[in-house]
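Working notes for the structure below.
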Amino acid sequence: MDLRRTMKGRRALSTVAITTALLFAVAGCGGGNEDNSGKGSSSTPSARASATGESDSKAPETNTVLAEVKGESGITLSVSSAKRDEGGFVTVEGTVTNGTGSALAMGNWRGDERELAKNGGSMAGASLVDQTGKKKYLVLRDTEGRCLCTRFDGGIREGQTTQWFAQFPAPPSDTTKVDFQVGSMPPASIEISEG
């Protein structure tokens, strides 16, 4: 009887130790660079914000604007970079400003596919169109169907400017100009740079 209690106690203690170690390991993977500079991190600031469910409302670090389009009753979408990254994808980043006079849920930017509904208000419905190659590239998704893009949890308040990102499969290396489009916003012609 004493041996059985001792073994139960050891198993319980082992389970607690393993669980604690796993929690510390997960916490260590997700933290670190919280200064929002995005330097020293393998993902973009927007990717980090999307993964944590937060929206990063600071202005982009560079003043470069590749394209800016206005539409949908006062929404302004700016594209600040479109970089071809190693691994065969393109990361597009920019800002969206809500000048409509009321808060926006951004649900109509997530796209029409049923699977994309789980992304809520997001950039999941964005696309890159290669007019020359006559191909359309949709936002990449993880194995659970979540977009590799910014999710606007809680929407965008009136007057707020929020940073966003979206990742796409890379067009052929000789394709440098594409049109970026999301929702009913007009297409924004952008040039892809090498990352």
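Heavy atoms only: backbone and side chains are in, while hydrogens, waters and symmetry mates are out.
Between Met123 and Cys149, the shortest heavy-atom contact is C-SG, 3.7 Å. The heavy-atom pair separating Pro171 from Val178 by the smallest distance is CG-CG1, 4.3 Å. Considering all non-hydrogen atoms of both residues, Val69 and Pro186 come closest at CG2-O, 3.7 Å. Here the shortest heavy-atom pairing between Asn98 and Arg157 reads ND2-O, 3.3 Å. What you find for Val139 and Cys147 is that their closest heavy atoms are CG1-CB, 3.8 Å. Nearest heavy atoms, Val90 versus Leu128: CG1-CD1, 4.3 Å.
The distance from atom OG of Ser127 to atom CD of Gln181, rounded to the nearest 0.5 Å, is 6.0 Å. In this structure, Ser102 OG and Ile156 CD1 are separated by 11.5 Å, a value rounded to the nearest 0.5 Å. Distance CD/Glu194 to NZ/Lys83: 11.5 Å, rounded to 0.5 Å. Atom CD of residue Glu158 and atom OG1 of residue Thr100 lie 6.5 Å apart, to the nearest 0.5 angstrom.
Using modelled atom types and a 3.5 Å distance limit, the side chains of Thr97 and Thr76 yield no donor-acceptor pair. For the 3.5 Å distance criterion, the side chains of Thr91 and Gln167 qualify, holding a donor opposite an acceptor. Side chains of Ser78 and Glu68: a donor-acceptor N/O pair is present below 3.5 angstrom, by distance only.
In this structure the side chain of Lys177 never reaches within 4.5 angstrom of the side chain of Ile190, judged on heavy atoms. Looking at Phe89 and Pro169, their side chains never come closer than 4.5 Å, going by heavy atoms from C-beta outward. Residues Phe152 and Leu104 are not in side-chain contact: their nearest non-hydrogen atoms beyond the backbone lie 4.5 Å or more apart. Side-chain contact check for Val79 versus Val92: some heavy-atom pair is nearer than 4.5 Å. Contact of the Thr95 side chain with the Ser80 side chain is not registered, since no non-hydrogen atoms from C-beta on lie closer than 4.5 Å. A heavy-atom distance below 4.5 Å is not found between the side chains of Trp109 and Ser122.
For Gln131, the side-chain contact (heavy atoms from CB on, under 4.5 Å) test picks out Val129, Asp179, with sequence neighbours left out. In terms of the side-chain hydrogen bond (donor to acceptor under 3.5 Å, both in side chains) criterion, Glu86 has no residue partners (sequence neighbours excluded).
Between the side chain of Asp130 and the backbone N or O of Lys134, no donor-acceptor pair lies under 3.5 Å. Arg151 contributes no side-chain N or O that, together with a main-chain N or O of Ala124, makes up a donor-acceptor pair within less than 3.5 Å.
Between Trp164 and Phe180, the ring-plane angle classifies as parallel under the 30° and 60° cut-offs.
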| message | What verdict does the side-chain contact (heavy atoms from CB on, under 4.5 Å) test give for Met185 and Ile75, after you've listed the backbone C-alpha separation in whole Å, the side-chain angles of each residue and the deciding distance to 0.1 Å? | response | CA-CA 9 Å; Met185 297 293 285; Ile75 297 175; 4.1 Å; yes
